[in-house]
Amino acid sequence: MSLAARLRPITPSLTLSVSSQAKAMRAAGQPVWDLSAGEPDFDTPEAIKAAAKLALDRGMTKYGPAAGLPELRAALAAKLKQDNGLPYTSDQVMVTNGGKHALFNLMMVLLEAGDEAIIPSPYWVSYPEMVKLVGATPILVPTNVGHDYKITPTQLAAAITPQTKLFVLNSPGNPTGSVYTPDEIQALAAVLAQHPQVWVVSDEIYEKICYDGALHFSIAACPELYDRTLIANGFAKAYSMTGWRVGYLAGPKEVIAAATVVQGHSTSNVCTFAQSGAIAAVTGSQDCVAAMTAAFAERREAIYARVHAIPGLICPKPTGAFYLFPDISALGIDSQTFCAKLLQEEGVALVPGIAFGADTNIRLSYATDRQTIDEACDRLHQFVLRQSRS
Ligand code: GLU
């Protein structure tokens with residue numbers, strides 16, 4: 001069989017494959033302590049589910065507009081104003097099949113062969129693969145733990161070439177949990193201001209999940225970049241709606257219109273009754289978001305204390321998202337071997353850092369219950385002690 005050449009450089013999503021492997025093992029009756037996917041364990045809040053059920057009962061089972069239900073687009077524009085202080089009209093916002101699809105849409109409309117996209121590394125697994133899928137070239141810029149895994153303005157300036165078309169910014173970040181301060185964002189914006197050909201995508205899917213006083217700040221709030229920033233966001237993480245597949249893209253009208261054309265020929269529209277649930281999520285009480293974030297904050301303390309106590313793992317304490325990203329290089333094992341052995345010997349599922357461009361790290365998601373976290377950490381501790389002895 002000959003597949004299209006565009007697939008050749010693409011690797012499958014390791015976050016999804018490790019998570020499905022863990023789920024399949026559990027379904028087969030094997031005990032698994034799953035800290036792999038970034039998937040909140042909470043049920044979707046009742047009011048959101050009720051709105052979707054009501055929509056179904058009212059017959060909302062037909063096609064909808066490709067860019068999303070007008071009421072949801074208006075509600076998202078209002079959210080961007082209220083939460084982020086950003087002025088968007090409804091026609092600057094489109095509803096997508098999850099945050100991932102918002103990113104894919106914008107890459108389809110902005111990038112082509114010969115274009116470069118700058119991605120700070122470690123990065124979320126799908127960014128480079130999406131860039132390659134649309135024929136462009138990912139330019140990975142290594143960051144380090146000493147600088148909280150954040151790209152510096154000097155690094156950004158050095159990476160920009162006449163071919164640079166896109167800069168990918170993810171704060172709070174997956175897998176590192178780093179949150180850029182407003183000053184750091186402004187310093188990056190000052191560099192980008194010198195290069196008018198460069199677009200910015202700001203992946204803000206973890207915006208609600210910050211700790212220790214860290215605050216999410218959107219680069220679109222820098223006036224010099226508002227006109228060339230695309231915000232990608234979604235409902236999965238903040239409202240525990242991973243399976244609903246509702247996300248959104250906000251930015252200049254022309255880009256949103258072009259992305260709507262792509263969506264019109266690829267997915268038609270996001271499931272209409274799922275959009276009704278999303279309307280309830282964004283317009284209803286935000287207490288559910290606060291409650292889930294408070295639970296993540298407690299779990300973060302617990303998991304950090306336990307992982308920090310494991311000799312040989314170097315683990316900064318992140319201020320955002322729900323991941324720890326410890327360095328395992330002292331153990332002399334690559335991340336895939338480490339995670340495969342850990343799953344086999346202890347039944348603990350983690351994502352190898354290689355998925356995120358860092359083969360010296362492992363990613364633990366703490367979007368799960370305390371019991372799972374505690375048991376997984378005990379087992380991880382024993383496993384690491386065995387590696388250090390062998
Ligand atoms: N974004 C989540 C993660 O990194 C979910 C899986 C995925 O979409 O990659 O685990």
Side-chain angles (χ1 to χ4, degrees), residues 6 8-11 92 99-144 147-171 173-176 178 180-205 217-233 249-259 262 356-358:
R6 82 173 69 84
R8 268 179 224 138
I10 310 298
T11 51
Q92 289 180 279
K100 196 179 256 180
H101 192 232
L103 294 161
F104 192 72
N105 273 339
L106 81 89
M107 298 212 189
M108 280 290 281
V109 303
L110 290 181
L111 298 179
E112 58 198 344
D115 290 338
E116 295 176 351
I118 297 176
I119 304 173
S121 173
Y123 47 76
W124 176 56
V125 60
S126 295
Y127 298 141
E129 306 311 290
M130 286 183 186
V131 169
K132 288 187 269 178
L133 270 173
V134 299
T137 307
I139 303 295
L140 306 177
V141 178
T143 63
N144 60 61
H147 201 261
D148 271 344
Y149 293 116
K150 295 173 188 171
I151 190 170
T152 65
T154 314
Q155 283 181 304
L156 177 60
I160 295 174
T161 72
Q163 283 70 49
T164 306
K165 188 76 179 288
L166 186 66
F167 170 55
V168 180
L169 182 63
N170 174 213
S171 174
N174 175 5
T176 64
S178 298
Y180 286 72
T181 65
D183 284 352
E184 288 166 338
I185 299 265
Q186 266 148 2
L188 295 175
V191 172
L192 293 161
Q194 309 302 312
H195 300 276
Q197 90 280 11
V198 182
W199 289 83
V200 182
V201 52
S202 184
D203 180 349
E204 306 188 356
I205 189 84
F217 180 76
S218 176
I219 196 165
C222 301
E224 65 275 39
L225 286 184
Y226 172 78
D227 281 338
R228 51 193 166 101
T229 296
L230 277 310
I231 293 178
N233 204 334
L249 183 65
K253 247 185 237 174
E254 299 69 26
V255 179
I256 298 302
V262 173
F356 314 103

Under the side-chain contact (heavy atoms from CB on, under 4.5 Å) criterion, do Ile151 and Phe167 qualify, and how do the steps go?
CA-CA 11 Å; Ile151 190 170; Phe167 170 55; 4.0 Å; yes

Would you list the atom pairs, donor with acceptor, under 3.5 Å between side chains in residues 183-195 and any protein atom, with sequence neighbours excluded?
unit_1, atom_1, unit_2, atom_2, d
Glu184, OE1, Lys150, NZ, 2.9
Glu184, OE1, Thr181, N, 2.8
Glu184, OE1, Thr181, OG1, 3.4

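- Pairing each heavy atom of Thr164 with each of Ala159, the nearest pair is OG1-O, 3.9 Å.
- Closest heavy-atom contact between Met107 and Leu166: CE-CD2, 4.4 Å.
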Under 3.5 Å, sequence neighbours excluded: what are the donor-acceptor pairs made by side chains of residues 110-123?
unit_1, atom_1, unit_2, atom_2, d
Asp115, OD2, Glu112, N, 2.8
Glu116, OE1, Thr161, OG1, 2.8
Tyr123, OH, Gly357, N, 3.4

CA sep, side-chain torsions, deciding dist, call: Ile160, Gln197, side-chain contact (heavy atoms from CB on, under 4.5 Å)
CA-CA 10 Å; Ile160 295 174; Gln197 90 280 11; 4.2 Å; yes

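- Taking CG of Leu169 as the start and CD of Glu204 as the end, the distance is 8.0 Å to the nearest 0.5 Å.
- The aromatic rings of Trp124 and Tyr127 lie perpendicular to each other, with more than 60° between the two planes, well past the 30° mark.
- Distance check, rounded to the nearest 0.5 Å: CD1 of Ile139 to NZ of Lys165 gives 14.5 Å.
- The backbone N or O of His147 lies less than 3.5 Å from a partner atom in the side chain of Asn144, making a donor-acceptor pair.
- Annotation: side chain of Tyr180 is not in contact with side chain of Asp148 (no heavy-atom distance under 4.5 Å).
- Rounding to the nearest 0.5 Å gives a distance of 9.5 Å between CG of Asn170 and CD1 of Ile205.
- The heavy-atom pair separating Asn174 from Phe356 by the smallest distance is OD1-CE2, 4.3 Å.
- Residues Leu103 and Ala232 share a closest heavy-atom pair of CD2-CB, 3.7 Å.
- For residues 129-143, the pairs satisfying salt bridge (Lys or Arg N to Asp or Glu O under 4.0 Å) are Glu129-Lys132, with sequence neighbours left out.
- Between the CG atom of Asn105 and the NZ atom of Lys100 there is a distance of 13.5 Å, given to the nearest 0.5 Å.
- No side-chain heavy atom of Asp203 sits under 4.5 Å from any side-chain heavy atom of Val168.
- Looking at every heavy atom in both residues, Ile219 comes nearest to Thr229 through CG2-CG2, 3.9 Å.
- When all heavy atoms of Arg6 and Leu133 are compared, the pair lying nearest together is CD-O, 3.7 Å.
- With rounding to the nearest 0.5 angstrom, the CG atom of Asp227 is 8.0 Å from the CH2 atom of Trp199.
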